[in-house]
Amino acid sequence: MTSSTKSFALIDCNSFYASCERVFRPDLAKIPIVVLSNNDGCVIARSAEAKPFIKMGEPYFKIKDQLRRHNILAFSSNYALYGDMSERVMMTLESRLPSVEVYSIDEAFADLTGLPEPLDQLGYSLRADVLQITGIPVGVGIASTKTLAKLANAAAKRWQRQTGGVVDIRDPERRDKLLKAMPVEDVWGVGRRMTEHLKAMNIKTAWDMSNADTATLRKRFSVLVEKTARELRGISCLDMEPTAPAKKEICSSRAFGQRVYDLKGLQEAVASYTTRAAEKLRKQQSLCKVIQVGVRTGLFNPDEKHYARSLQCHLPYPTDDTRLLIQAAMQGLDHIYKEGPAYAKASIMLLDLCQRNEYTPDLFAPSQPGGTDHLMQTLDQINQRWGRNTIKPARVPASPGWGMQRQLLSPSYTTRLDQLWVAR
DNA sequence: TCTGGGGTCCTAGGACCC
DNA sequence: TCTGGGGTCCTAGGACCC
């Protein structure tokens with residue numbers, strides 16, 4: 001028996017959000033850019049030119065001077081634009097590759113096993129095609145396991161000029177050379193805490209981890225860490241997941257643009273988030289048995305009194321009806337609301353989900369109203385066609401006082417007719 | 001004044017059962 | 001001194017990802 005070696009690629013967009021902002025602003029090609037989180041809170045993406053000056057996660061208000069000094073342009077995040085650009089990139093990859101797994105908004109794995117050599121040439125042509133069709137630059141890492149492909153991709157990014165953005169480490173010699181050059185914290189699945197532990201065990205590089213005793217890793221940490229070490233050795237433990245499984249929980253949570261002090265404001269926010277979460281729920285055709293509502297004050301201002309509560313409410317039967325979910329969330333909110341605190345954030349979680357077609361109605365459950373399915377379907381269709389919140393629950397305000405701050409927002413070039421490019 | 005949002009998986013430990 | 005043993009299920013919390 002010969003074990004056939006697999007080939008994986010990890011294709012990753014460079015500075016994705018920043019690159020999206022540039023696609024429709026060619027004048028920004030050489031200008032450093034950062035993209036901010038919701039409410040213009042902190043930095044979540046940086047173009048290559050901005051990286052030397054600005055750290056990831058820095059609060060915007062703290063770095064305004066630095067941005068000005070280095071002529072760095074800041075943008076509010078524009079998820080309508082990024083989501084749409086992501087779809088274009090993924091469709092381009094899917095049209096050229098037999099098996100693609102969309103891993104995140106800016107990354108995809110591909111199974112290259114059995115495709116004609118040389119695979120690095122395939123990598124170069126993917127790069128060129130995606131750039132030409134979408135305007136987004138990508139890097140490609142190729143290896144015999146997913147974890148190694150991630151590492152190869154990191155190398156393609158780090159040594160972009162030398163590698164042309166494509167790195168193939170299927171050759172064991174090249175693989176080992178890279179493993180020795182990469183610090184252990186750059187390994188996929190090794191975060192900050194794990195890095196500390198591993199370093200204490202004298203495991204400092206990816207190479208050290210690939211040679212570590214797997215039984216010890218499993219015992220001291222978990223089976224995931226063990227798998228990571230095996231994958232670094234070239235033993236594939238993580239397979240492609242071609243179709244995304246249904247989510248097991250759905251969350252909608254957001255910090256407010258301004259502090260909220262009254263119950264009415266919280267009710268509006270909770271109703272809005274519940275509406276969003278219910279849309280996601282119906283999109284994957286699930287029903288929800290438990291809804292959790294939470295509120296909290298700010299985390300960082302020492303002058304504000306802390307208050308945080310959350311509560312789970314059990315629905316009488318699994319449902320995807322926005323109205324029932326809002327009703328339950330409102331009852332929960334009543335229980336955890338207290339007058340006084342300066343509320344900074346509310347959240348909704350839909351838990352204990354089941355698939356619509358797997359659900360067997362409970363003989364002893366309270367009688368279940370029929371006929372709401374069609375209503376929710378129609379609602380979704382109208383909002384899909386005419387834009388989010390064309391039809392919405394009365395409690396959801398059109399422009400709430402607590403809404404997001406996005407003062408540096410670029411136009412939604414690709415998803416809004418009224419914000420298209422204008423040719424003169 | 002101003003510090004993101006949305007997920008997954010694993011493990012330990014408690015509750016409970018026989 | 002010694003205070004059963006073994007199993008399942010659930011939950012909270014930790015760690016990780018982008």
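Within every chain, numbering begins at 1; the chains are lettered A, B, ... in the order of the sequence lines, protein sequences first and strands thereafter.
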- Query: Does the pair Glu226(A)/Lys219(A) count as a salt bridge with the N-to-O cut at 4.0 Å?
  - Reply: no
For residues 137-145 of chain A, which side-chain N or O atoms pair as donor and acceptor with protein atoms under 3.5 Å away, sequence neighbours left out?
residue, atom, partner, partner atom, Å
Thr145(A), OG1, Leu148(A), N, 3.1
Thr145(A), OG1, Glu231(A), O, 3.0

When rounded to whole Å, the NZ to P distance for the pair Lys283(A) and dG6(B) reads 15 Å
Return yes if some donor-acceptor pair links the side-chain N/O of Thr322(A) with the main-chain N/O of Ala278(A) below 3.5 Å, else return no.
no
DNA chain C in dot-bracket form (Watson-Crick or G-U pairs under 3.5 Å, [ ] crossing, | inter-strand) is ....||||||||||||||
OP1 or OP2 of dC9(B) under 4.0 Å from side-chain N/O of Lys227(A) | no
Next on the checklist: Looking at Arg282(A) and Asp380(A), is there a salt bridge between them, counting it only when a charged N and a carboxylate O are closer than 4.0 Å?
Outcome noted: yes
Between CD of Gln292(A) and P of dT11(C) the distance, given in whole Å, is 12 Å
For the rings on Tyr79(A) and Tyr17(A), is their centre-to-centre separation under 6.0 Å? yes
Nearest-nucleotide check on DNA chain B, Lys219(A) vs Pro245(A); residue mapping nearer the 5' end is Pro245(A)
Closest to the side chain of Phe300(A), out of dG4(B), dC10(B), dC2(B), is dG4(B)
In numerical order, the residues of residues 76-95 of chain A whose heavy atoms come under 4.0 Å of DNA chain B are none
_So Ser347(A), base contact, sugar-phosphate only, or nothing? Heavy-atom distance under 4.0 Å._
nothing
Ranking Ile44(A) and Lys280(A) by the position along DNA chain B of their nearest nucleotide, the one closer to 5' is Ile44(A)
Notebook entry, point to check: Do side-chain atoms of Asn211(A) reach the backbone of Trp207(A) as a donor and acceptor pair under 3.5 angstrom?
Noted result: yes
Side-chain contact check for Phe61(A): nearest option of dC9(B), dG5(B), dC2(B) is dC2(B)
Side-chain polar contacts of residues 174-187 of chain A - donor-acceptor pairs under 3.5 angstrom, sequence neighbours left out - could you list them?
residue, atom, partner, partner atom, Å
Arg174(A), NH1, Asp168(A), O, 3.1
Glu185(A), OE1, Lys199(A), NZ, 3.3
Asp186(A), OD2, Arg158(A), NH2, 2.5

Letter by letter from the 5' end, nucleotides 12-18 of chain C scores (B base, S sugar-phosphate only, - none; protein heavy atoms under 4.0 Å) ---SSSS
From CG of Leu238(A) across to P of dC9(B) the rounded distance in Å is 12 Å
Between CG of Leu299(A) and P of dG4(B) the distance, given in whole Å, is 7 Å
*asked:* Using the C1' atom as the point on both nucleotides, what is the distance between dC16(B) and dG4(C), in whole Å?
replied: 16 Å
Are more than 12 heavy atoms from other residues, nucleotides or ligands located less than 6.0 Å from atom NZ of Lys248(A)? no
| message | At 4.0 Å (heavy atoms only), tell me whether Lys247(A) reaches a base, stays on the sugar-phosphate, or touches nothing. | response | sugar-phosphate
Rounded to whole Å, CG of Leu353(A) lies from C1' of dG7(B) at a distance of 12 Å
Separation of dT8(B) atom C1' from Leu224(A) atom CG, nearest Å, is 10 Å
| query | Under a 4.0 Å N-O cut-off, is there an ion pair linking Asp65(A) with Arg69(A)? | reply | no
Let me check something: any side-chain donor-acceptor pairs from residues 93-107 of chain A under 3.5 Å, sequence neighbours excluded? List them with distances.
residue, atom, partner, partner atom, Å
Ser95(A), OG, Thr92(A), O, 2.7
Arg96(A), NE, Asp129(A), OD2, 2.6
Glu101(A), OE1, Lys146(A), NZ, 2.8
Glu101(A), OE1, Glu241(A), N, 2.7
Tyr103(A), OH, Trp188(A), NE1, 3.3
Ser104(A), OG, Asp106(A), N, 3.3
Ser104(A), OG, Asp106(A), OD1, 3.0
Ser104(A), OG, Glu107(A), N, 3.4
Glu107(A), OE1, Lys150(A), NZ, 2.7

Review point. Under 4.0 Å between a Lys/Arg side-chain N and an Asp/Glu carboxylate O for Arg323(A) and Asp321(A)?
Key: yes
Practice problem: Check the surroundings of atom CD in Gln312(A): do more than 12 heavy atoms from other residues, nucleotides or ligands lie under 6.0 Å from it? | Solution: yes
Tell me whether the OP1 or OP2 atom of dT3(B) has a side-chain N or O from Asn39(A) closer than 4.0 Å.
no
Here the distance between atom C1' of dG5(B) and atom CE of Met56(A), to the nearest Å, is 13 Å
Atom CG of Leu408(A) and atom P of dC2(B) are separated, to the nearest Å, by 17 Å
Phosphate contact (dC2(B) OP1 or OP2) by Arg259(A) side-chain N/O below 4.0 Å: yes
Shortest non-hydrogen pair, Ser76(A) vs Glu21(A), comes out as O-OE2, 4.0 Å
Exercise. Contact class for Lys345(A) vs. all strands (heavy atom < 4.0 Å): base, sugar-phosphate, or nothing?
Worked result: sugar-phosphate
